[in-house]
Every structure is written in structure tokens, then in C-alpha cells.
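Below, read A as the first sequence line, B as the second, and so on, with proteins coming before strands; counting in each chain starts at 1.
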Amino acid sequence: MKRVRKFHNLLYERYCDLEWWPAETPFEVILGAILTQNTNWKNVESALDNMRNLGLLEPKALLLAEMDVIKNAIRPSGYYNQKAFKIVRFMEWFDEIANCSIAALDTVDTTELRNALLSIKGIGPETADDILLYAFQRPVFVVDTYTYRIAVRHGWTPPDITYDALAEMLSSAVDNDINLMKNFHAMIVEVGKNYCKKRKPDCEYCPGKTALPENGPAELF
DNA sequence: CACCAGGCAAGTA
DNA sequence: TACTTGCATGGT
């Protein structure tokens, strides 16, 4: 889709290279990906700070931690009962398949790795793709709530599109390059924060703000 | 007070 | 299959 390519180019003019994801280590990326499910990133940072202070950003230490300790640490990120189990289930898989070594997964095919992640209860397509892209360095396209909202609001797709179909539609419009995939998603999150969840009746474009004020909404809609 | 935030799984009909 | 609901804290 030419519109998608143009959208990407406009975003790049505005944001250039954002160098995402905000984390110290690839392992921290994984935990952040789980903790940020339907959650504001500030709350996730607070949870990660707690984990850091407890030494739980080391995989083997996290494996040994009591469930109640994990729950208490991640409490600020919300859904902490569910997320604690998600983290533990991921850790059991990670320890089993790779002895908690990301490098040990380098030989695994991306599709196979994605399916393995998706088989872990609590890890859905977006979390899996966050992990694949930002922790495992695989060139996959991440569809998040902003991506979906932008695509629908711009009229690129009807709202009932599936995750995989939207990922395919958007990723096929640009080069399949890992750094581009990382930056495209990063830029979408940045601009996506300007799109309100619901259209407001008094707004010409969608919410209360236009997507890229510098370029003007006409470029995008 | 209402609404939202970088989802996901389980329940219902 | 196609909706709906629970999960939960913290900010606006």
C-alpha cells in the first residue's frame, strides 16, 4: 500500500531514528513486554524498578523468587496476579528450552520461535512479536493498539481485520529490515499517543489532535 | 466522578 | 463462530 509507505516516510521525517525499546537488557525487554499488556508504560517502569531493586532482572534469580515476591514487585503495573503467572510460565519455558540464554535461541527458526512463544499461556501475538523483534532481533512487525487504531481510522482496513492480516498488510508496504521494523513500531507508538481512543464529534479528523501537525492531516487522511 | 493505558484468555450463546 | 467480561494499578 502506497499510503502506508507514505505514512512511514512522514513519520520518519518527523521522528528519525528513535532507538527503541526502552530497556537495559534484552531480558528486561521481555519482562516489559509482558508487563505492558494493556498498561501505561510508566506503571511498567515502576514495576521494573522494583524488580531491579530485588535483583529480579537476572533470569536465574527470578526463577528462584517466590510468587508473592514477584506479585508484590510488579503490583504497580496492574493485573499483577495474572502477570506474575505469565512471567513464571515464560521463565519455565525459557529455562527449559535455552537455559535462560537468549543466544541459545539464535539457531531456532523465527516462525517456530513465534509459535513456541504463543503456546505460553499469557503471551499473545503482540507480546510474542515484541519479544521476537526487540529481544530476539527477528524482523517481525508488531501490531499494537495504536497500530490498529491508526490503520482503521485512516481507512486502510475495516475494523474486523485480524492481527496477522494487519501485520501482513502494513509490513508488506515497507522493506523487511529489522531496524526499520523496530523504528516503524516505535514511531507508531509515538504518533499513536495523539490519536484518542474514540472519535469526538467536534473533531474534524478524529479525536482532538491531528496525527502530524507539522505536515498537516491532509497528508495522512 | 469517568476514562484510559504499548493484551490476553475464558465465558456465554 | 462472534461478542462479552475479568483482570488492577495509577494518571488525567
Atom CD in Gln37(A), atom OG1 in Thr127(A): separation rounded to 0.5 Å? 3.5 Å

Assess the side chains of Asp144(A) and Thr147(A): does a donor N or O sit below 3.5 Å from an acceptor N or O? yes

From Thr36(A) atom OG1 to Lys42(A) atom NZ, the distance as rounded to the nearest 0.5 Å: 13.5 Å

Whole Å only: how far is the NZ atom of Lys83(A) from the P atom of dA5(B)? 14 Å

How would you list, by chain and number, every residue that makes a ring pair (Phe, Tyr, Trp, His ring centres under 6.0 Å) with Phe141(A), sequence neighbours excluded? Phe184(A)

So Tyr80(A), base contact, sugar-phosphate only, or nothing? Heavy-atom distance under 4.0 Å. sugar-phosphate

Taking the side chain from Asp129(A) and the backbone from Val142(A), do they hold a donor-acceptor pair closer than 3.5 Å? no

To the nearest angstrom, how far is Gln82(A) atom CD from dA5(B) atom P? 19 Å

If we only count heavy atoms from C-beta on, is the Asp49(A) to Arg52(A) side-chain gap below 4.5 Å? yes

What residues in residues 25-48 of chain A put a non-hydrogen atom under 4.0 Å from any atom of DNA chain B? Thr36(A), Gln37(A), Asn38(A), Thr39(A), Asn40(A), Trp41(A)

Can you list, by residue number, the residues of residues 171-187 of chain A that have a non-hydrogen atom closer than 4.0 angstrom to DNA chain B? none

For residues 118-126 of chain A, dump all side-chain donor-acceptor pairs below 3.5 Å to protein atoms at least two apart in sequence or in another chain.
residue	atom	partner	partner atom	Å
Ser119(A)	OG	Ala116(A)	O	2.6

Taking the P atom of each, how far is dC3(B) from dT5(C), in whole Å? 15 Å

Distance between the P atoms of dA8(C) and dA10(B), in whole angstroms? 14 Å

Do the side chains of Asn183(A) and Trp20(A) get nearer than 4.5 Å, heavy atoms only? no

Looking just at side-chain N and O atoms, do Thr39(A) and Lys83(A) make a donor-acceptor pair shorter than 3.5 Å? yes

Gap between atom CD of Gln82(A) and atom CD1 of Ile34(A) - 0.5 Å precision: 12.5 Å

What is the distance, rounded to the nearest whole Å, between atom OH of Tyr79(A) and atom P of dG7(B)? 9 Å

Measure the distance from CG on Leu118(A) to C1' on dG7(B) and round it to the nearest whole Å. 13 Å

Distance under 4.0 Å to a non-hydrogen atom of chain A counts as contact; along DNA chain C, which nucleotides mark the start and end? dC7(C) to dG10(C)

Quick one: which of Ile131(A), Leu113(A), Leu133(A) gives a side-chain contact (heavy atoms from CB on, under 4.5 Å) with Arg138(A)? Leu113(A)

Between P of dC8(B) and CG of Leu117(A), the distance in whole Å: 11 Å

When the distance from CG of Asn194(A) to P of dA5(B) is rounded to whole Å, what number comes out? 12 Å

Would you give the length of the straight line joining atom CD1 of Ile74(A) to atom OH of Tyr79(A), rounded to the nearest 0.5 angstrom? 13.0 Å

Could you check which residues of residues 121-137 of chain A get a heavy atom under 4.0 Å from DNA chain B? Sort them by number, please. Lys121(A), Gly122(A), Ile123(A), Gly124(A), Pro125(A), Glu126(A), Thr127(A)

With respect to the phosphate group of dA5(B), does any side-chain polar atom (N or O) of Arg149(A) fall under 4.0 Å of OP1 or OP2? yes

When all nucleic acid strands are considered with a 4.0 Å heavy-atom cut-off, which category describes Thr145(A): base, sugar-phosphate, or nothing? sugar-phosphate

Separation of dC8(B) atom P from Tyr163(A) atom OH, nearest Å, is 8 Å

Is atom NZ of Lys60(A) surrounded by more than 12 heavy atoms (other residues, nucleotides or ligands) closer than 6.0 Å? yes

pair Leu57(A)-Glu24(A): side-chain heavy atoms closer than 4.5 Å: no

